[in-house]
Amino acid sequence: MKKVVKFGGSSLASARQFKKVKAIITADKTRCYVIPSAPGKRDGKDTKVTDLLYQCYDAAVSGQSYKRILEQIKKRFTDIVDGLGLDLNLDYEFNQIEENFLKKAGRDYAASRGEYLNGIIMANYLGFPFIDAAEVIFFDERGSFLSEQTNEELNHRLSSLRQAVIPGFYGSNPDGTIRTFSRGGSDVTGSIVARAVLADLYENWTDVSGFLVADPRIVENPAPIETITYKELRELAYMGASVLHEDAIFPVRKEGIPINIRNTNRPGDPGTMIVENTSKRPHYTITGVAGRKGFCAINIDKAMMNTEIGFGRRVLEVFEDNNISFEHMPSGIDSMSILVHQDEFQEKEQAVIAGIHRAVHPDSVDLEPDLALVAVVGRGMRSARGTAARIFAALAHAKINVKMIDQGSSELNVIVGVKNEDFEPAVRAIYDIFVKTEL
Ligand code: ASP
């Protein structure tokens, strides 16, 4: 049995947090491969080390004074080293970092040093071998992650090591320079390592006890999600539920390895299990409800639209030509609507309207801005009758006008479009009907 454990920035923000992490790792001998993030915020006013590194690098390459920020970064790390009572001197590392900043080693190099240094400290503190991620995680010339090459190398390197610390967030380009994943990318590294060692479980330790059925900023004290499938998570994450980096599920998914989101500050909480599939019935009919504001509907009308073959394709081509991705496309017999992100659409709206006129000669093109989309997601909806009825009854009861409905063929989600100002009440109404009344 082996587990890969990734710890986020807030779990490693101070010596005190490092101690909690060591206790978690030593409590379970199967926690053998450790992926640290860079030190995050110690409190609400603090700055993440990754952000300090970006600032410091930008100042250094533009000839401004950077020494003060560099000292601030150094202090973050020496405070941790001293607080843990380690016999570890980071002077050499910091001299190298400064030299490389002045040589313009790149913003990615700069940002990656938070994970790199935390990895060195963690390895020293645990007595585990340290593996620099630059030696085992690879990108191609265009910056795309090379999954198979990485998997082979990691598997090879780790096959002879029962334990190791591998810093998150970065790898290397073909020329040896450093490249990072997008922000929050240590989650991705953890998943890559879990796949490479065929881990039994990928534990992702953060500062919340997993996913919640709804956003706690909208619903008071929402219920936790015990188990969620990868697919459900994709739907909810896309709609704004952010605990895990979006790309983190792909590597483990290839091998069917579950992810367990856990809370470093409450290690007794079971957290959320993210799995390929499960026969366990969800607690409630819905797994979660999430959404986003800021959509615009483009409603196109034309009599006898249904007889015109290629109508939809020609309309969508207009969006493609303007480089706008569309989110949903509900349609009627003589009408179709395209939902897009308002901010992406607004600057191009006149070109799109003109393009639609030219492409399909509609009777009218009408715009409806300021819409929100609410996604009701759940594998349990497939077998439950009356789910849609309950959603719409709850919305009607809350006096919310439904602007659009879209149910995916997977029956995994129902998307409801409402006015922006109805977004929060809609989420609350749906939460209440499924969670409060199902208790
Ligand atoms: N330290 C990086 C960031 O702040 C990566 C991570 O924490 O996963 O985005």
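In listed order, ligands and their atoms are each counted from 1.
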Under 3.5 Å between some N or O of ligand 1 and some N or O of Thr50? yes

Honestly, is Arg195 close enough over Phe250, meaning NZ or CZ under 6.0 Å from the six-membered ring centre and within 45° of the axis? no

Could you check whether the rings of Phe94 and Phe77 sit parallel, tilted or perpendicular, using 30° and 60° as the cut-offs? tilted

Protein heavy-atom partner closest to atom 6 (C) of ligand 1 - residue, atom, separation in Å: Ser186 OG, 3.4 Å

Closest protein heavy atom to atom 7 (O) of ligand 1, given as residue, atom name and distance to 0.1 Å: Ser37 OG, 3.2 Å

Below 4.0 Å from ligand 1: does a non-hydrogen atom of Gly114 turn up there or not? no

Close-contact set for ligand 1 against Arg183 heavy atoms, below 4.0 Å: 3 (C), 4 (O), 9 (O)

Would you say Gly184 has any N or O atom under 3.5 Å from an N or O of ligand 1, going by distance alone? yes

More than 12 foreign heavy atoms under 6.0 Å from NZ of Lys293: is that the case here? yes

Are Glu98 and Lys67 close enough for a salt bridge, meaning some N to O gap below 4.0 Å? yes

I'd like to check which ligand 1 atoms, numbered from 1 as shown, lie under 4.0 Å from a non-hydrogen atom of Phe169. 2 (C), 5 (C)

Stepwise ring pair (Phe, Tyr, Trp, His ring centres under 6.0 Å) check, Tyr116 with Tyr109: CA-CA 10 Å; Tyr116 173 77; Tyr109 165 79; 8.3 Å; no

Just need the protein heavy atom nearest to atom 2 (C) of ligand 1, so name the residue and atom and give the distance. Glu115 OE2, 3.4 Å

Within the structure provided, determine whether Leu367 and Ile353 are in side-chain contact (heavy-atom separation under 4.5 Å). yes

